[in-house]
There are 2 protein chains.
Amino acid sequence: MRSDARCNRLRILEAAAEVLAASGDVSLKSIARRAGVGQGTLYRHFPSREALVFQVYGEEVDGLVTAVPVLLGGLPPRLALRVWLERLLDVGRCFPEFANAMSLVTGAPAEHCVEAYRPLLGALSTLVSVNEAAGTISSGTTAEDVLLLLGPLWHVEARAEDRARSDRLFETLLRGLCPSATAREAPAGAAP
Amino acid sequence: MRSDARCNRLRILEAAAEVLAASGDVSLKSIARRAGVGQGTLYRHFPSREALVFQVYGEEVDGLVTAVPVLLGGLPPRLALRVWLERLLDVGRCFPEFANAMSLVTGAPAEHCVEAYRPLLGALSTLVSVNEAAGTISSGTTAEDVLLLLGPLWHVEARAEDRARSDRLFETLLRGLCPSATAREAPAGAAP
DNA sequence: ACCTGAACACCGTTCAAGT
DNA sequence: ACCTGAACACCGTTCAAGT
């Protein structure tokens, strides 16, 4: 990779971080303008908007990935999953574009070529697997399922400030995903 | 309302039904073209895309609304809610644009001026209220909450043919919304 | 009172022309 | 090898001019 290309890449990421943080015009063109590069350059470095967004929030993604073994080492599987999902939700609350990218990519992972999404999915897969082994998640549930169900929670927080509602919905989801330990006599699937 | 205006309205609805059924170009312009009217005319009759879509599927909406008392008359609250939601999902599966409109409007009901959405919300509110009175739904849950959580299920079916996955996710949601009758000793909220 | 359709202000994406 | 930015093909929306 040539040095000017490398430099442009960094400038794009910087400009993107600024533009995405400020609400308002978040078009790819405005990012290119702010970075002082042509639209073609931006498009070549990042083949899709989602690819760019995941790179911009690369640190947050890394943090989520490395947190998995720590959480699993110190907490029971069910709680580890819960804490990790809360952290994921917080990232989406801080950076609405991250939430948007997650929703889009979860809906159609194959179409957007975002390899930065794969580690996140892998991290969640580990948590799901451990929970399945422990019998603390409804069997058959995949990481994609969890992300799909989580999607609406980001949209609620992006609009208004009703954090209470978001928490309530999260509890509802978790109750569905991880049949409560107090209901051991119902082996998941015996509901009328 | 003048007779030609009334006629145009009907022609738009007919053309919209055809265009929305066929996959491909579903732009408002293509609907206006097919109906043989100007874009301005379409836009005046239906102030938003969602308003048009809800009118096109008005019969389905009516069917859902009138089904509520029938279901509540013949089934226990929990099952009535379940059957109604399954029917709602089926409508979205048959008409992807209906599903899209639901997701959009549920995310920001105030912004899109769609009065055709209100009866649907009212119907579901009735079901939720009856379930809350019967103690068969997690307290504090609103009709908007249910629709919000239901959103992702439409997107999964629109893409691929994995009906099994959709069913699985639906069971998960319902488990979260309606804490199982087999776990009566856990009064909703005692999870670790 | 209602309709028309050109015109406007945006997207994302591409690609010939440059360095 | 990489960059530029005009150009393209689309959106939805508006509004002066017509009937």
Side-chain angles (χ1 to χ4, degrees), chain A residues 1-16 19-20 22-56 96-98 100-101 103-105 107-108 110-114 116, chain B residues 1-16 19-20 22-56 96-98 100-105 107-108 110-114 116-117:
Chain A
M1 188 180 229
R2 233 164 59 177
S3 67
D4 57 340
R6 174 164 241 108
C7 173
N8 272 336
R9 217 191 97 98
L10 287 178
R11 292 216 295 173
I12 290 170
L13 284 173
E14 271 181 46
V19 171
L20 294 182
S23 66
D25 184 6
V26 290
S27 72
L28 292 186
K29 251 164 192 165
S30 76
I31 294 175
R33 203 184 313 132
R34 183 151 193 149
V37 302
Q39 307 103 287
T41 301
L42 190 153
Y43 202 70
R44 195 165 355 91
H45 280 285
F46 306 98
S48 72
R49 183 192 187 88
E50 289 73 39
L52 173 60
V53 170
F54 277 108
Q55 289 293 332
V56 168
E97 279 291 331
F98 176 82
N100 279 350
S103 290
L104 274 173
V105 172
E111 319 205 349
H112 315 260
C113 34
V114 274
Chain B
M1 184 180 234
R2 234 165 57 178
S3 66
D4 56 341
R6 173 164 243 107
C7 174
N8 273 336
R9 217 191 96 99
L10 286 178
R11 291 216 296 171
I12 290 170
L13 283 174
E14 271 182 46
V19 171
L20 295 182
S23 65
D25 186 7
V26 289
S27 72
L28 293 185
K29 251 164 193 165
S30 77
I31 294 175
R33 202 183 313 134
R34 183 152 193 149
V37 303
Q39 306 105 285
T41 302
L42 191 153
Y43 203 69
R44 194 165 357 90
H45 280 284
F46 306 97
S48 73
R49 183 192 187 88
E50 289 72 40
L52 172 60
V53 170
F54 277 108
Q55 288 294 333
V56 168
E97 279 292 331
F98 175 83
N100 280 349
M102 284 295 294
S103 290
L104 274 172
V105 173
E111 318 204 349
H112 315 259
C113 36
V114 273
Y117 172 69

Gap between atoms [atom1] and [atom2], on [X] and [N] respectively (whole Å):
| X | N | atom1 | atom2 | result |
| --- | --- | --- | --- | --- |
| A:Leu42 | C:dC15 | CG | P | 17 Å |
| A:Phe46 | D:dC3 | CZ | P | 11 Å |
| B:Arg2 | C:dT4 | CZ | P | 11 Å |
| A:Arg33 | D:dT4 | CZ | C1' | 15 Å |
| A:Asp25 | C:dC10 | CG | C1' | 10 Å |

### Summary
As its Watson-Crick or G-U partner within any shown strand, both distances under 3.5 Å, C:dA16 has D:dT4
### Query
Using purine N1 to pyrimidine N3 plus N6-O4 or O6-N4 for Watson-Crick, or N1-O2 and O6-N3 for G-U wobble, both under 3.5 Å, which nucleotide pairs with C:dA9?
none
[X] side chain, from C-beta outward: closest of [options]:
| X | options | result |
| --- | --- | --- |
| B:Asp4 | C:dT13, C:dC3, D:dC11 | C:dC3 |
| A:Ala5 | C:dC11, D:dC3, C:dC3 | D:dC3 |
| A:Gln39 | D:dC3, D:dG12, D:dA7 | D:dA7 |
| B:Lys29 | D:dA1, C:dG12, D:dT13 | D:dT13 |
| A:Leu28 | D:dG12, C:dT13, D:dT4 | C:dT13 |

### Task
Return the 5'-most residue of the pair B:Gly36, A:Gly40 with respect to DNA chain C, ranking by each residue's nearest nucleotide.
B:Gly36
### Query
Starting at the 5' end of DNA chain C, which residue's closest nucleotide do you reach first, A:Arg49 or B:Arg6?
B:Arg6
### Summary
Nearest heavy-atom approach of A:Ala116 to A:Phe54 is CB-CB, 3.6 Å
Does a side-chain N or O of [X] approach OP1 or OP2 of [N] to a distance below 4.0 Å, or not?
| X | N | result |
| --- | --- | --- |
| B:Arg44 | C:dC2 | no |
| A:Tyr43 | C:dG12 | no |
| B:His45 | C:dC3 | yes |
| B:Asn8 | C:dC3 | yes |

## Note on the structure
side chain to side chain contact (heavy atoms under 4.5 Å, CB included) with A:Asp4: of A:Arg6, A:Met1, A:Arg2, only one passes, and it is A:Arg2
### Query
Is there a side-chain contact between A:Leu20 and A:Phe98, using heavy atoms and a 4.5 Å cut-off?
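No, every pair of side-chain atoms sits at 4.5 Å or beyond.
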### Query
Do B:Met102 and B:Glu50 touch side chain to side chain, with heavy atoms closer than 4.5 Å?
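SC-SC contact between B:Met102 and B:Glu50 ruled out.
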#### Entry: Residues A:Glu14, A:Arg34: salt bridge by 4.0 Å N-O rule
no
### Query
Is B:Ser27 touching bases, backbone alone, or none of the nucleic acid, heavy atoms closer than 4.0 Å?
sugar-phosphate
